Amino acid sequence: MNKFVKKGLCLVLATGLIATSFAGCAKMNYVTNGAIQAINEIKDGSWQNTDEPAGEENFDAPVIDEFAAGTYGGVEFKSIEDVTNYYVEAYNYSKTLMAQYKDQDGNIQTWYKLLGEENLSVENIKIGGTANATINNLVPGIVGGIYNPGLNGLVPSTNRNPALDTDEWEGNGETLTTSRLVADDLVTANVTDNGDGTITIKLQPKAVNMSAPGKDAQGHVFQSLGSIDKTVDSITVLSWSEGTTAENCKVNYYSGVATVTIDTATKEITSADYVMKAFVAVSHANVAVIKDKSATVDITMEWKYPASDEYLMSSKGCSRA
(Lines give C-alpha, C1' and ligand atoms only; values in the text may rest on other atoms or scores of the structure.)
Protein backbone atom coordinates (compact mmCIF):
# COMPACT_ATOMS: atom_id res chain seq x y z
CA MET A 1 0.00 0.00 0.00
CA ASN A 2 1.26 3.54 -0.69
CA LYS A 3 0.29 7.19 -0.34
CA PHE A 4 -1.81 7.05 -3.52
CA VAL A 5 -4.14 4.55 -1.86
CA LYS A 6 -5.07 7.13 0.77
CA LYS A 7 -5.93 9.67 -1.91
CA GLY A 8 -7.91 7.10 -3.85
CA LEU A 9 -9.97 6.02 -0.86
CA CYS A 10 -10.81 9.62 -0.07
CA LEU A 11 -11.82 10.15 -3.69
CA VAL A 12 -14.09 7.12 -3.45
CA LEU A 13 -15.96 8.85 -0.63
CA ALA A 14 -16.11 12.12 -2.54
CA THR A 15 -17.27 10.31 -5.68
CA GLY A 16 -20.02 8.62 -3.73
CA LEU A 17 -21.26 11.98 -2.50
CA ILE A 18 -21.01 13.51 -5.98
CA ALA A 19 -22.89 10.59 -7.51
CA THR A 20 -25.86 11.26 -5.26
CA SER A 21 -26.13 14.74 -6.73
CA PHE A 22 -27.25 13.08 -9.98
CA ALA A 23 -30.47 11.97 -8.29
CA GLY A 24 -33.31 12.55 -10.70
CA CYS A 25 -31.25 11.84 -13.80
CA ALA A 26 -32.37 8.80 -15.77
CA LYS A 27 -28.87 7.57 -16.41
CA MET A 28 -25.24 8.72 -16.43
CA ASN A 29 -21.96 7.40 -17.73
CA TYR A 30 -18.87 7.10 -15.58
CA VAL A 31 -15.41 6.81 -17.07
CA THR A 32 -12.98 4.61 -15.18
CA ASN A 33 -9.96 2.51 -16.16
CA GLY A 34 -10.25 3.79 -19.70
CA ALA A 35 -13.69 2.23 -20.23
CA ILE A 36 -17.16 3.76 -20.24
CA GLN A 37 -19.50 1.85 -17.96
CA ALA A 38 -23.24 2.27 -18.04
CA ILE A 39 -24.68 3.05 -14.64
CA ASN A 40 -28.07 1.85 -13.46
CA GLU A 41 -30.83 4.39 -13.14
CA ILE A 42 -30.56 6.58 -10.06
CA LYS A 43 -34.05 7.42 -8.88
CA ASP A 44 -34.80 10.82 -7.43
CA GLY A 45 -34.57 10.78 -3.68
CA SER A 46 -33.20 7.25 -3.41
CA TRP A 47 -30.22 8.47 -1.41
CA GLN A 48 -32.05 10.88 0.83
CA ASN A 49 -32.40 9.95 4.46
CA THR A 50 -31.61 11.22 7.90
CA ASP A 51 -28.09 11.28 9.24
CA GLU A 52 -28.74 9.33 12.40
CA PRO A 53 -25.44 8.64 14.17
CA ALA A 54 -24.46 5.03 14.64
CA GLY A 55 -24.66 3.66 18.16
CA GLU A 56 -21.54 3.16 20.20
CA GLU A 57 -19.85 -0.12 19.37
CA ASN A 58 -17.46 -2.21 21.39
CA PHE A 59 -14.55 -1.86 19.00
CA ASP A 60 -12.40 -4.11 21.17
CA ALA A 61 -14.77 -7.06 21.32
CA PRO A 62 -12.77 -10.26 20.66
CA VAL A 63 -13.28 -11.77 17.20
CA ILE A 64 -10.93 -14.73 17.82
CA ASP A 65 -10.80 -17.34 20.57
CA GLU A 66 -9.51 -16.09 23.90
CA PHE A 67 -6.04 -17.08 25.12
CA ALA A 68 -5.70 -20.44 26.85
CA ALA A 69 -2.48 -21.16 28.74
CA GLY A 70 -0.73 -24.39 27.78
CA THR A 71 2.10 -26.02 25.88
CA TYR A 72 1.86 -25.79 22.10
CA GLY A 73 4.43 -27.39 19.81
CA GLY A 74 6.67 -27.95 22.79
CA VAL A 75 6.55 -24.28 23.80
CA GLU A 76 4.88 -23.20 27.03
CA PHE A 77 2.67 -20.12 26.94
CA LYS A 78 1.48 -18.86 30.32
CA SER A 79 0.12 -15.48 29.22
CA ILE A 80 -0.65 -13.19 26.29
CA GLU A 81 2.68 -11.55 27.05
CA ASP A 82 4.39 -14.88 26.35
CA VAL A 83 2.56 -15.10 23.01
CA THR A 84 3.54 -11.54 22.14
CA ASN A 85 7.18 -12.09 23.02
CA TYR A 86 7.34 -15.31 20.98
CA TYR A 87 5.78 -13.57 17.96
CA VAL A 88 8.24 -10.67 18.26
CA GLU A 89 11.20 -13.07 18.40
CA ALA A 90 9.95 -14.95 15.34
CA TYR A 91 9.17 -11.71 13.49
CA ASN A 92 12.60 -10.22 14.22
CA TYR A 93 14.43 -13.41 13.21
CA SER A 94 12.41 -13.85 10.03
CA LYS A 95 13.27 -10.33 8.91
CA THR A 96 16.98 -11.09 9.16
CA LEU A 97 16.55 -13.70 6.42
CA MET A 98 17.28 -12.44 2.91
CA ALA A 99 16.92 -13.86 -0.59
CA GLN A 100 17.99 -12.80 -4.06
CA TYR A 101 15.51 -11.62 -6.67
CA LYS A 102 15.77 -10.52 -10.27
CA ASP A 103 14.03 -7.15 -10.71
CA GLN A 104 12.11 -5.95 -13.75
CA ASP A 105 15.34 -4.64 -15.31
CA GLY A 106 17.10 -7.97 -14.88
CA ASN A 107 19.28 -6.80 -11.98
CA ILE A 108 19.89 -9.04 -8.96
CA GLN A 109 18.55 -7.54 -5.73
CA THR A 110 18.77 -8.74 -2.14
CA TRP A 111 15.43 -8.31 -0.36
CA TYR A 112 13.56 -9.93 2.49
CA LYS A 113 13.16 -13.68 2.05
CA LEU A 114 9.50 -13.45 3.07
CA LEU A 115 7.60 -11.08 0.80
CA GLY A 116 3.84 -10.89 0.68
CA GLU A 117 0.89 -10.44 -1.63
CA GLU A 118 -1.32 -7.45 -0.98
CA ASN A 119 -4.99 -6.95 -1.72
CA LEU A 120 -7.36 -4.07 -1.06
CA SER A 121 -11.15 -4.14 -1.05
CA VAL A 122 -13.48 -1.19 -0.55
CA GLU A 123 -17.15 -1.83 0.03
CA ASN A 124 -20.32 -0.88 1.81
CA ILE A 125 -20.32 2.81 0.92
CA LYS A 126 -23.21 4.57 2.59
CA ILE A 127 -24.46 8.10 2.13
CA GLY A 128 -26.34 9.41 5.11
CA GLY A 129 -26.46 5.93 6.57
CA THR A 130 -28.01 4.22 3.54
CA ALA A 131 -26.32 2.14 0.86
CA ASN A 132 -26.87 2.91 -2.82
CA ALA A 133 -26.30 0.07 -5.30
CA THR A 134 -25.08 2.39 -8.05
CA ILE A 135 -22.45 4.00 -5.87
CA ASN A 136 -21.25 0.62 -4.62
CA ASN A 137 -21.05 -0.63 -8.22
CA LEU A 138 -18.69 2.26 -9.00
CA VAL A 139 -16.22 1.31 -6.32
CA PRO A 140 -14.35 -1.63 -7.95
CA GLY A 141 -13.61 0.42 -11.05
CA ILE A 142 -12.48 3.48 -9.11
CA VAL A 143 -10.21 1.49 -6.81
CA GLY A 144 -8.95 -0.75 -9.61
CA GLY A 145 -7.82 2.29 -11.56
CA ILE A 146 -5.73 3.76 -8.75
CA TYR A 147 -4.61 0.81 -6.65
CA ASN A 148 -1.12 -0.54 -7.24
CA PRO A 149 -0.56 -3.70 -5.14
CA GLY A 150 2.58 -3.61 -3.05
CA LEU A 151 5.37 -6.12 -2.46
CA ASN A 152 6.86 -5.69 1.00
CA GLY A 153 8.27 -7.60 3.94
CA LEU A 154 6.18 -8.69 6.90
CA VAL A 155 3.77 -5.91 7.80
CA PRO A 156 3.94 -3.23 8.95
CA SER A 157 6.85 -3.13 6.47
CA THR A 158 6.69 -0.37 3.90
CA ASN A 159 9.37 -1.81 1.61
CA ARG A 160 10.96 -5.07 0.46
CA ASN A 161 14.45 -3.62 0.99
CA PRO A 162 15.45 -3.58 4.69
CA ALA A 163 17.43 -0.37 4.20
CA LEU A 164 14.24 1.43 3.08
CA ASP A 165 11.82 -0.28 5.45
CA THR A 166 10.86 2.60 7.76
CA ASP A 167 7.77 4.07 9.37
CA GLU A 168 7.81 6.98 6.92
CA TRP A 169 6.91 6.33 3.29
CA GLU A 170 9.84 8.41 2.05
CA GLY A 171 12.29 6.12 3.86
CA ASN A 172 13.46 8.80 6.31
CA GLY A 173 11.82 7.46 9.45
CA GLU A 174 12.74 4.83 12.03
CA THR A 175 13.37 1.24 10.97
CA LEU A 176 10.60 -1.35 10.81
CA THR A 177 13.00 -4.28 10.54
CA THR A 178 12.04 -5.27 14.09
CA SER A 179 8.59 -5.50 15.68
CA ARG A 180 7.37 -2.91 18.18
CA LEU A 181 4.45 -5.04 19.36
CA VAL A 182 3.82 -5.29 23.11
CA ALA A 183 1.21 -7.30 25.02
CA ASP A 184 -0.79 -4.16 25.87
CA ASP A 185 -1.40 -3.61 22.13
CA LEU A 186 -3.64 -6.69 21.96
CA VAL A 187 -7.30 -7.36 22.65
CA THR A 188 -6.40 -11.03 22.81
CA ALA A 189 -4.23 -13.71 21.20
CA ASN A 190 -4.20 -17.47 20.95
CA VAL A 191 -1.98 -20.36 19.90
CA THR A 192 -2.69 -23.60 17.99
CA ASP A 193 -0.41 -26.64 17.78
CA ASN A 194 -0.43 -27.82 14.15
CA GLY A 195 1.13 -31.18 14.99
CA ASP A 196 3.86 -30.83 12.35
CA GLY A 197 6.50 -28.88 14.22
CA THR A 198 4.75 -25.58 13.70
CA ILE A 199 2.37 -23.45 15.73
CA THR A 200 -0.08 -20.82 14.58
CA ILE A 201 -0.44 -17.60 16.53
CA LYS A 202 -3.43 -15.29 16.12
CA LEU A 203 -3.27 -11.66 17.22
CA GLN A 204 -6.07 -9.11 17.48
CA PRO A 205 -4.76 -5.58 18.08
CA LYS A 206 -6.76 -2.96 19.97
CA ALA A 207 -8.86 -0.39 18.14
CA VAL A 208 -7.19 2.83 16.98
CA ASN A 209 -8.42 5.93 15.15
CA MET A 210 -6.01 7.28 12.51
CA SER A 211 -3.38 4.55 12.82
CA ALA A 212 0.08 4.78 11.25
CA PRO A 213 2.63 2.00 10.54
CA GLY A 214 4.80 1.36 13.58
CA LYS A 215 3.15 4.11 15.65
CA ASP A 216 0.34 2.45 17.62
CA ALA A 217 -1.38 -0.86 18.44
CA GLN A 218 -2.79 -1.33 14.92
CA GLY A 219 0.37 0.01 13.29
CA HIS A 220 2.47 -2.44 15.28
CA VAL A 221 0.68 -5.28 13.47
CA PHE A 222 -0.56 -3.84 10.15
CA GLN A 223 0.58 -1.42 7.49
CA SER A 224 -2.13 1.13 8.28
CA LEU A 225 -2.91 4.27 6.30
CA GLY A 226 -1.53 7.00 8.53
CA SER A 227 -3.22 10.38 8.77
CA ILE A 228 -5.60 11.21 5.92
CA ASP A 229 -6.20 14.85 6.90
CA LYS A 230 -3.91 16.38 4.28
CA THR A 231 -5.20 14.02 1.61
CA VAL A 232 -8.80 14.94 2.35
CA ASP A 233 -7.94 18.65 2.35
CA SER A 234 -6.48 18.24 -1.14
CA ILE A 235 -9.90 17.27 -2.55
CA THR A 236 -10.99 20.72 -3.73
CA VAL A 237 -14.62 19.74 -4.38
CA LEU A 238 -15.05 18.72 -0.74
CA SER A 239 -15.80 21.16 2.07
CA TRP A 240 -17.43 21.08 5.51
CA SER A 241 -20.71 22.61 6.62
CA GLU A 242 -19.17 22.81 10.10
CA GLY A 243 -16.08 21.70 11.98
CA THR A 244 -12.60 20.76 10.78
CA THR A 245 -11.21 17.88 8.74
CA ALA A 246 -9.91 16.23 11.92
CA GLU A 247 -13.36 16.48 13.52
CA ASN A 248 -15.27 15.28 10.47
CA CYS A 249 -12.98 12.49 9.20
CA LYS A 250 -12.50 9.33 11.24
CA VAL A 251 -10.71 6.11 10.31
CA ASN A 252 -11.38 3.50 12.97
CA TYR A 253 -9.32 0.32 12.84
CA TYR A 254 -10.70 -2.70 14.66
CA SER A 255 -11.53 -6.42 14.30
CA GLY A 256 -8.42 -7.10 12.22
CA VAL A 257 -6.51 -10.34 12.84
CA ALA A 258 -2.97 -11.55 12.12
CA THR A 259 -2.59 -15.31 11.63
CA VAL A 260 1.06 -16.38 11.67
CA THR A 261 2.55 -19.88 11.37
CA ILE A 262 5.97 -20.41 12.99
CA ASP A 263 8.46 -23.28 12.83
CA THR A 264 9.25 -23.91 16.50
CA ALA A 265 12.63 -25.49 15.70
CA THR A 266 13.95 -22.31 14.08
CA LYS A 267 11.40 -19.63 15.09
CA GLU A 268 11.05 -18.76 11.42
CA ILE A 269 7.68 -17.50 10.19
CA THR A 270 6.78 -19.85 7.34
CA SER A 271 3.45 -18.33 6.33
CA ALA A 272 1.15 -15.56 7.47
CA ASP A 273 -2.18 -13.94 6.72
CA TYR A 274 -2.76 -10.41 8.01
CA VAL A 275 -6.28 -8.99 7.61
CA MET A 276 -6.69 -5.34 8.60
CA LYS A 277 -10.11 -3.70 8.76
CA ALA A 278 -10.64 0.05 8.68
CA PHE A 279 -13.93 1.92 8.83
CA VAL A 280 -13.92 5.42 7.35
CA ALA A 281 -16.61 7.90 8.39
CA VAL A 282 -17.06 11.44 7.06
CA SER A 283 -19.64 13.85 8.45
CA HIS A 284 -20.89 17.36 7.62
CA ALA A 285 -19.57 17.07 4.06
CA ASN A 286 -20.49 19.38 1.19
CA VAL A 287 -19.95 18.10 -2.35
CA ALA A 288 -21.67 19.74 -5.34
CA VAL A 289 -25.38 20.06 -4.48
CA ILE A 290 -25.04 17.73 -1.50
CA LYS A 291 -24.93 19.68 1.74
CA ASP A 292 -24.12 18.57 5.28
CA LYS A 293 -24.19 14.84 4.56
CA SER A 294 -22.35 11.89 6.05
CA ALA A 295 -20.61 9.05 4.24
CA THR A 296 -18.98 5.81 5.35
CA VAL A 297 -16.89 3.14 3.65
CA ASP A 298 -15.41 -0.13 4.88
CA ILE A 299 -11.86 -1.07 3.90
CA THR A 300 -10.17 -4.46 4.15
CA MET A 301 -6.46 -4.87 3.52
CA GLU A 302 -5.01 -8.37 3.34
CA TRP A 303 -1.39 -9.47 3.18
CA LYS A 304 -0.49 -13.12 2.45
CA TYR A 305 2.98 -14.59 2.89
CA PRO A 306 4.85 -15.93 1.05
CA ALA A 307 4.02 -14.26 -2.25
CA SER A 308 3.58 -16.61 -5.19
CA ASP A 309 5.85 -16.52 -8.22
CA GLU A 310 2.87 -15.38 -10.26
CA TYR A 311 2.25 -12.43 -7.96
CA LEU A 312 5.91 -11.39 -7.99
CA MET A 313 5.86 -11.24 -11.78
CA SER A 314 2.41 -9.71 -12.24
CA SER A 315 2.67 -7.03 -9.56
CA LYS A 316 6.30 -5.95 -9.85
CA GLY A 317 7.77 -7.80 -12.80
CA CYS A 318 10.33 -9.61 -10.67
CA SER A 319 11.21 -13.21 -9.88
CA ARG A 320 13.24 -15.27 -7.43
CA ALA A 321 16.85 -15.52 -8.60
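No experiment lies behind these values; they were computed from the predicted model shown.
The closest donor-acceptor contact from the side chain of D103 to the backbone of Q109 lies at 3.5 Å or more, if one exists at all. The backbone N or O of K304 lies less than 3.5 Å from no partner atom in the side chain of D273, so there is not a single donor-acceptor pair.
Following chains of ILVMFWY side-chain contacts shorter than 4.5 Å, one can reach I80 starting from I199, so the two form part of one hydrophobic cluster. Taken together through direct or relayed side-chain contacts under 4.5 Å among Ile, Leu, Val, Met, Phe, Trp and Tyr, F279 and V187 form parts of separate hydrophobic clusters. A chain of hydrophobic side-chain contacts below 4.5 Å, direct or via other Ile, Leu, Val, Met, Phe, Trp or Tyr residues, connects M301 to M210. Linking Ile, Leu, Val, Met, Phe, Trp and Tyr residues whenever their side-chain heavy atoms come within less than 4.5 Å places V83 and V88 in a single cluster. Taking hydrophobic clusters as Ile, Leu, Val, Met, Phe, Trp and Tyr residues chained together by side-chain heavy-atom distances below 4.5 Å, V275 does not share a cluster with I299.
Evaluation of the salt bridge (Lys or Arg N to Asp or Glu O under 4.0 Å) rule for E81 yields no partner, not counting sequence neighbours. In terms of the salt bridge (Lys or Arg N to Asp or Glu O under 4.0 Å) criterion, residue partners of K113 (sequence neighbours excluded) are, by chain and number, E268.
Side-chain contact check for Y305 versus V155: some heavy-atom pair is nearer than 4.5 Å.
Of all non-hydrogen atoms in L176 and G214, the two that sit nearest each other are CD2-CA, 3.9 Å. The two residues L181 and L203 come nearest to each other via the heavy atoms CD2-CD1, 3.9 Å. Here the shortest heavy-atom pairing between Y254 and A207 reads CB-CB, 3.8 Å. When all heavy atoms of N152 and R160 are compared, the pair lying nearest together is OD1-N, 3.8 Å. Listed here is the closest heavy atom pair of Y91 and L154: OH-O, 3.0 Å. Shortest non-hydrogen contact noted between L115 and Y112 is CG-O, 3.5 Å.
Within 6.0 Å of atom NZ in K277, 12 or fewer heavy atoms from other residues, nucleotides or ligands are found, so the atom counts as exposed in its surroundings.
Side chains of S224 and Q218: a donor-acceptor N/O pair is absent below 3.5 angstrom, by distance only. A donor atom on one side chain and an acceptor atom on the other are found under 3.5 Å apart for E117 and S308.
Under the 30°/60° scheme for interplanar angles, the aromatic rings of F77 and Y86 are found to stand perpendicular. Using cut-offs of 30° and 60° for the angle between ring planes, the F222 and W303 rings count as parallel.
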Verdict with supporting geometry, T200 and T261, side chain to side chain donor-acceptor pair (under 3.5 Å): CA-CA 4 Å; T200 296; T261 299; 3.1 Å; yes
S319/L312 under side-chain contact (heavy atoms from CB on, under 4.5 Å): CA gap, chis, key distance, verdict: CA-CA 6 Å; S319 60; L312 291 174; 5.8 Å; no
CA sep, side-chain torsions, deciding dist, call: D263, T198, side chain to side chain donor-acceptor pair (under 3.5 Å): CA-CA 4 Å; D263 183 337; T198 69; over 6 Å; no
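Atom OH in Y101 sits 12.0 Å away from atom CG in N161 (nearest 0.5 Å). Separation of atoms CG (N248) and OG (S294) is listed at 10.5 Å; rounding is to 0.5 Å. In this structure, CG on N252 lies 11.5 Å from OG1 on T296, to the nearest 0.5 angstrom. Here the straight-line distance linking atom CG of N209 with atom SG of C249 works out to 10.0 Å at 0.5 Å rounding. Taken from CD in Q100 to OG1 in T110, the straight-line distance is 4.5 Å, to the nearest 0.5 Å.
Pairs engaging residues 183-202 under the salt bridge (Lys or Arg N to Asp or Glu O under 4.0 Å) rule: D184-K206 [sequence neighbours left out].
Checked against K95 for a side-chain hydrogen bond (donor to acceptor under 3.5 Å, both in side chains), the options D165, T175, T178 give a single hit: D165. Results of the side chain to side chain contact (heavy atoms under 4.5 Å, CB included) test with S241 over K293, H284, K291 single out H284 as the only residue that passes.
In summary, K267 and E89 engage in a salt bridge, as defined by a charged side-chain N under 4.0 Å from a carboxylate O.
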